[in-house]
Amino acid sequence: MHDFEFAAPQTEAEAVALLAPERGRAEVLAGGTDLVPLLEKMVVAPSRVVSIAGIASLKMIRRDDERGELVLGAGVTLDELLKSDSLADYPAIRHAIEGINSPQLQAQGTLGGEICRRPMCWYYRSGHGLLADRGREVAAGDNRYHAILGNGGAAKFVHASRIAPALVALGASLRIIGPGPDEEKYVPAGDFFRTPRSDGDRENVLMPGELVSHIILPAVESATNATYEVRQSAGPDMPLAAAAASLEMLGPMVKSARVVLGQVAPVPWPSPEAAAAILGRPVDESTAEAAGAAAVSRATLLSGNAYKVQLAKTAVKRAILLAAGQDPGGF
Ligand SMILES: Cc1cc2nc3c(=O)[nH]c(=O)nc-3n(C[C@H](O)[C@H](O)[C@H](O)COP(=O)(O)OP(=O)(O)OC[C@H]3O[C@@H](n4cnc5c(N)ncnc54)[C@H](O)[C@@H]3O)c2cc1C
């Protein structure tokens, strides 16, 4: 591990000041379950680590009754979130957290850390960089867990967050603070995640000196949303494919839908094709199946990941059935 300065601010303003780009390369530390292993392996080597664990405002879970929104601090742990009962209307998020299925990670890991965690790509984790010439190397190498969508450029990894597809499907937004002392902005989750184009880029739009302070979930009319993950085992291994679906129903018909795939592209992958396949129709086996097929219709395969197409199709079908309150099978 490289030497670094450690800072433990108590307020958002102090954290932003400590992260200021002119003060050297800094990393945010939340629960540390993802960052610490990366520091140990020197995959990331900041000159300063800024722990946000002591900032009370980032630990809140608050319902804004006037707007019907649920405001979640980025520093809330995944376990605190599950135990809070605040996710009653947002099963899509609950399903994603439960999928981690690790008491240790859920007790220590935070919401902000989960959505900002770095890719699990083994080329990246073994110190070869996220992009550089990796695009070509990954295409020719062991790419069985890599992307089947959005993989045309140098980025072949899949986005690591399990919760992100649900946030995009639910139309969540993120409050971002910094780099200036009083600067804040609200970014839709759908615009927050992005495919890095060069090695210095992140998998999101955060610039040096910025951090996510809160996640805002809009009111939903009913809890017709869900995440379905296709997993190899019940442990904390990453899913092989996943999908989140959020539906608005008019009687038995789908009035509006958002379907977002996970673990198949360098970003959570919205599928307007899947949504269109169920729009104005009832949800049943055959419409959900058609949505699954539409979601992977533009898949571009690498040498070793063709199997993910069927898994992604199934994830979409089952997420839609689950969101509509139907038995998706497969448990
Ligand atoms: C063995 C193992 C297995 C794992 N399996 C899974 C799994 O199956 N599913 C899963 O989802 N995760 C898994 N993880 C990863 C991780 O534990 C969780 O994603 C966790 O929620 C990360 O949260 P954290 O608070 O510990 O993040 P940290 O490690 O503190 O931070 C993660 C990243 O996010 C950045 N960051 C943190 N908070 C913010 C913020 N508020 N604003 C901006 N940037 C921020 C950090 O700088 C860092 O780059 C695993 C980790 C390990 C070690």
Side-chain angles (χ1 to χ4, degrees), residues 4 6-9 12 15-16 18-19 25-41 43-46 48-55 57-60 72-82 93 95-120 122 124-125 130 145 158-167 174-179 184-185 187 192-193 196 201-215 227 229-240 242 262-263 268:
F4 55 79
F6 181 78
E12 293 181 14
V16 165
L18 285 157
L19 287 167
R25 233 191 100 209
E27 292 282 347
V28 175
L29 176 76
T33 58
D34 193 50
L35 184 66
V36 171
L38 292 174
L39 290 171
E40 281 170 351
K41 287 193 206 156
V43 173
V44 293
R48 177 183 297 121
V49 169
V50 179
S51 167
I52 56 171
I55 304 177
S57 61
L58 304 189
K59 304 282 292 173
M60 71 159 185
L72 305 170
V76 172
T77 68
L78 302 177
D79 240 11
E80 284 165 349
L81 204 48
L82 280 187
I93 297 179
H95 297 153
I97 297 175
E98 286 170 347
I100 297 173
N101 200 22
S102 158
Q104 293 93 333
L105 291 175
Q106 286 168 216
Q108 183 76 14
T110 63
L111 183 57
E114 206 283 335
I115 61 178
C116 295
R117 63 188 299 244
R118 307 306 309 277
M120 290 303 288
W122 43 42
Y124 169 67
R125 298 245 162 195
L130 193 54
Y145 298 134
V158 298
H159 198 274
S161 171
R162 292 170 95 132
I163 299 174
L167 295 185
L174 283 71
R175 176 176 178 255
I176 294 173
I177 54 173
E184 66 164 15
K185 60 187 168 197
V187 176
F192 177 73
F193 304 100
D201 287 354
R202 287 279 162 112
E203 308 78 56
N204 55 53
V205 298
L206 285 180
M207 297 301 287
E210 294 182 335
L211 78 149
V212 177
S213 71
H214 296 86
I215 292 97
T227 295
E229 297 181 338
V230 181
R231 297 187 288 263
Q232 207 153 25
S233 73
D237 287 346
M238 293 307 295
L240 298 167
Q263 315 296 330

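Both ligands and their constituent atoms are indexed starting at 1 by order of listing. We're numbering straight along the sequence, starting at 1.
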[atom] - nearest protein heavy atom and its distance:
atom	value
atom 9 (N) of ligand 1	R162 CD, 3.1 Å
atom 35 (C) of ligand 1	C116 CB, 3.7 Å
atom 6 (C) of ligand 1	P236 O, 3.7 Å
atom 23 (O) of ligand 1	T110 N, 3.3 Å
atom 40 (C) of ligand 1	V212 O, 3.8 Å
atom 43 (C) of ligand 1	L206 CD1, 3.5 Å
atom 46 (C) of ligand 1	V28 O, 3.0 Å
atom 52 (C) of ligand 1	L105 CD2, 3.9 Å

Do any N/O atoms on [X] end up under 3.5 angstrom from N/O atoms on ligand 1?
X	answer
E114	yes
L78	no
Q108	no
G32	yes
A30	yes

Heavy atom under 4.0 Å from ligand 1: found in V36's side chain, backbone, both, or neither?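 The answer is neither; V36 stays 4.0 Å or more away.
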I'd like the name of whichever of T33, L111, L38 reaches closest to atom 20 (C) of ligand 1 through any heavy atom. T33
Would you mind finding which of R117, R118, M120 brings a heavy atom closest to atom 13 (C) of ligand 1?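 Heavy atom nearest to atom 13 (C) of ligand 1 belongs to R117.
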Over all heavy atoms of both residues, which pair between [X] and [Y] is shortest? Give the atoms and the distance, please.
X	Y	value
F193	I115	CE2-O, 3.6 Å
A107	T77	O-CG2, 3.4 Å
R117	A160	NH1-O, 3.2 Å
P9	S51	CD-O, 3.1 Å

Regarding [X] and [Y], does a basic nitrogen lie under 4.0 Å from an acidic carboxylate oxygen?
X	Y	value
R162	E114	no
R231	E98	no
E12	R175	yes

Can you name the atoms of ligand 1, numbered from 1 with element, that are less than 4.0 Å from a heavy atom of A74? 41 (N)
Check: [X] side chain, [Y] main-chain N or O, donor-acceptor pair, under 3.5 Å:
X	Y	value
R48	L18	yes
Q106	N101	yes
H214	S57	yes

Would you say atom 1 (C) of ligand 1 has a protein heavy atom nearer than 4.0 Å?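 Answer no: nothing from the protein, no heavy atom, is under 4.0 Å.
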Examine the side chains of Q108 and T33 and answer whether a donor and an acceptor come within less than 3.5 Å of each other. no
